[in-house]
Amino acid sequence: MKLSTIILAAGQGTRMNSALPKVLHPLNGKPLVNYSIDLASAAGSLRTVVVIGNGAQQVRKAAGDSVEYAIQQERLGTANAVQAAESLLAGNEDPVLVISADMPLLTVATLTRLVETQASAGGPMTLLTVRSANPRGFGRIIRSIDGEVIGIIEEAQATPDQLKIDELNAGAYCFSSPWLWQALKKIKLSPKGEYYLTDIVAVAVAEGKKVQAVTVEDEEETLGINNRVHLAEAERVIRRRINRAHLLAGVTMTDPDLVYIEETVRIGRDTVLLPNSKLTGSTVIGEGCEIGPGTIISDSSIGNHCYLLASVIEGAVVEDEVGMGPFCHLRKGAHLGRGVHMGNFGEVKDSRLGAGVKMGHFSYIGNATIGENVNIGAGTITCNFDGVLKHPTEIGENTFIGSDTMLVAPLKIGKNAKTAAGAVVTHDVADNEVVAGVPARPMKKKKE
Ligand code: UD1
Ligand code: CA
């Protein structure tokens, strides 16, 4: 079915008490407005208009160009915000879904039910309601004696009896579009000086038209974000949803409340995630790994059967059977070959470590290419920066770098070579050569 969507996102969100517009606050790493955009597209919306006002340029930048934008000049209420999209959507006969950018927990299944009800009933509109003992400031649904929806009353305007109504307006609607545009014009200014979209129900009833309602089954879905308490509650809901899906797909978590995974992350079977670990961005993790406690991985690719304890990994590639930690830091461009071992306090940036490299303690490797089975002694440092430029270091396979070696780049060390403890290597070292001292000089040839 054809569908258009209007996402209301022009408010400042005063109750967030923030310099950032409410709809840009991240929820599990993704701005609130992007949840609504992704929902609309999953529900099959062909055209999505985001109504912006406060922080318009910022919102536009975050929300991207998969959607269209309408500007609401003044914050004159939710009905006025919908009206701002009229010039873009008028003439388009598709049903119009209206949702708020502060309702990130709604599901596609619920919105689909809303849209399908509207399509089959064919009346002016269908709205989403929720039954809850905790009204959280939502509008109350007024029904007639025979159960028809005849109005929505905002909390501020409700009488004490109306305040007791436990059926609430969830703030999601599907409209017949030709009806919507003319009905909006009939909405009067509320005592608070705003045009309330909720008053459109009374407009339909006055025209003798029947309003449909769909009741959401899981109250959790209708948690709106008005302040940072709500935002924290929503974090917990999203985390539970994401972690549950991974658990069912074969990932172990000893305490799922303490594992933070963005929705973009992929994880293989039989991987174990231990508490206080966080996986973000484009991270992909293989099978049978043990991650954490206390490991943070962003935008990285991890192979199978890796063991990553209390480490930070950013923009790196880690092949199978790598063991690391505690307290290692892989930075952008680090690539660790199969079976690399990194002990405590290692940092690697823009470097490739060949298979089987061992780097047990306190080392910095930057802009280096290191051959297979090289042993990097405790405290080794690639001195890659001369104050102006970064320079490369190359080390051949099976070479032994002694403890506390300073590798002053640019530098090339051959295969099967050796540096003595405390060497400051300023000149290239040949295959099989042993160097020692400050600055390092050749000692004797190794037997071949
Ligand atoms: C609204 C509903 C209320 C419902 C609740 C559910 C109205 C009048 N009330 O109240 O019945 O129970 O949602 O969450 O609709 N916005 C604009 N321009 C404006 C005003 C608001 O774009 O001039 C946007 C806001 O950015 C927000 C959305 O519309 O994304 C809803 O506005 P908000 O002020 O949060 O309405 P509620 O008080 O939550
Ligand atoms: Ca709200």
Side-chain angles (χ1 to χ4, degrees), residues 3-16 18 20-25 27 30-43 45-92 94-104 106 111 114-115 125 127-128 139 152 154 169-187 189-190 192-201 203 224-226:
L3 178 72
S4 309
T5 303
I6 300 172
I7 297 174
L8 306 184
Q12 172 60 31
T14 316
R15 290 164 282 179
M16 294 298 278
S18 176
L20 192 68
K22 174 164 81 176
V23 300
L24 291 186
H25 278 259
L27 174 61
K30 177 164 118 178
L32 292 179
V33 66
N34 293 82
Y35 281 83
S36 301
I37 292 171
D38 293 350
L39 262 174
S41 115
S45 178
L46 298 178
R47 288 185 70 185
T48 298
V49 177
V50 182
V51 180
I52 52 179
N54 277 298
Q57 286 321 312
Q58 266 174 293
V59 176
R60 224 180 159 125
K61 204 168 155 225
D65 27 272
S66 71
V67 293
E68 300 167 63
Y69 294 93
I71 309 273
Q72 186 190 21
Q73 298 299 348
E74 277 181 279
R75 247 45 66 219
L76 292 177
T78 43
N80 179 259
V82 171
Q83 230 162 2
E86 182 177 358
S87 58
L88 284 170
L89 293 178
N92 182 334
D94 305 341
V96 183
L97 179 66
V98 175
I99 53 179
S100 293
D102 64 353
M103 304 277 294
L106 286 171
L111 291 186
L114 182 68
V115 170
M125 65 177 288
L127 58 87
L128 190 66
I152 302 172
E154 287 305 295
N169 174 30
Y173 320 83
C174 190
F175 294 100
S176 142
S177 55
W179 182 80
L180 171 66
W181 307 123
Q182 60 83 32
L184 282 172
K185 297 187 174 75
K186 298 186 181 170
I187 293 178
L189 206 58
S190 80
K192 286 234 161 167
E194 288 189 14
Y195 296 93
Y196 288 160
L197 182 57
T198 44
D199 287 343
I200 205 165
V201 172
V203 171
I225 312 296
N226 291 325

Going by heavy atoms in the side chains, are N80 and L184 under 4.5 Å from each other? no
With a 4.5 Å limit on heavy-atom distance, are the side chains of P21 and Q58 in contact? yes
Y69 and D65 side chains, donor-acceptor separation under 3.5 Å: no
One pair to check against side chain to side chain contact (heavy atoms under 4.5 Å, CB included): E154 and D199. What are the steps and the verdict? CA-CA 9 Å; E154 287 305 295; D199 287 343; over 6 Å; no
Determine whether the side chains of N54 and K22 contain a donor N or O and an acceptor N or O closer than 3.5 Å. no
With sequence neighbours left out, write down each residue that passes side-chain hydrogen bond (donor to acceptor under 3.5 Å, both in side chains) with R60, or none if nothing qualifies. none
Does D38 come within less than 4.0 Å of K30, counting only side-chain N to carboxylate O? yes
For the backbone of L20 and the side chain of S18, can you confirm whether one donor and one acceptor N or O come within less than 3.5 Å of each other? yes
So, the side chain of S177 versus the backbone of D94: is there a donor-acceptor pair under 3.5 Å, distance only? yes
Side chain proximity check, I225 to H25, heavy atoms < 4.5 angstrom: no
So how far is it from C174 SG to L97 CG, rounded to the nearest 0.5 Å? 5.5 Å
Nearest 0.5 Å, what's the CG-OG distance between L3 and S41? 11.0 Å
When rounded to the nearest 0.5 angstrom, what is the spacing between OG1 in T14 and CE in M16? 11.0 Å
Side chains of Y35 and V23: does their closest heavy-atom pair fall under 4.5 Å? no
If only atom types and distance count, is the side chain of K185 paired as donor or acceptor with the main-chain N or O of W181 below 3.5 Å? yes
Check S36 against S100 and note the closest heavy-atom contact, atom names and distance. OG-O, 3.4 Å
Tell me if a side-chain donor or acceptor on E74 pairs with a main-chain N or O of L76 at a distance below 3.5 Å. no
Could you tell me if the side chain of I7 sits less than 4.5 Å from the side chain of V98, heavy atoms only? no
Sub-3.5 Å donor-acceptor pair from the side chain of T48 to the main-chain atoms of T5, do we have one? no
Polar side-chain atom of Y196 near backbone of L189 as donor-acceptor pair, under 3.5 Å: no
Of all the heavy-atom pairs spanning A85 and A70, show the shortest one and how long it is. CA-CB, 4.0 Å
Got N92 and S4 here, is their nearest side-chain heavy-atom distance under 4.5 Å? yes
Any donor-acceptor N/O pair, Q182 side chain to W179 backbone, under 3.5 Å: yes
Is V49 close to V67 at the side-chain level, that is, under 4.5 Å between some pair of heavy atoms? no
Looking at every heavy atom in both A62 and N34, which two are closest together, and how far apart are they? O-ND2, 3.5 Å
Please report the closest heavy-atom contact between I37 and S66, naming both atoms and the distance. CG2-OG, 4.1 Å
For the atom pair CZ (F175) and CG (L127), what is the distance rounded to the nearest 0.5 Å? 8.0 Å
Is there a side chain to side chain contact (heavy atoms under 4.5 Å, CB included) between T78 and T198 once you walk through the steps? CA-CA 8 Å; T78 43; T198 44; 5.6 Å; no
Spatial distance of atom CG (L128) from atom CG (L106) [nearest 0.5 Å]: 6.5 Å
State, with a plain yes or no, whether a side-chain heavy atom of V59 is found less than 4.5 Å away from one of L24. yes
Residues forming a salt bridge (Lys or Arg N to Asp or Glu O under 4.0 Å) with E194, sequence neighbours excluded: none
Just how far is it from atom CG of L114 to atom CD1 of I99, taken to the nearest 0.5 Å? 10.0 Å
Counting N and O atoms only, with roles assigned by atom type, does the side chain of R47 sit under 3.5 Å from a partner on the main chain of L88, one being a donor and the other an acceptor? yes
Looking only at heavy atoms, what is the nearest atom pair of A101 and L32, with distance? O-CB, 3.6 Å
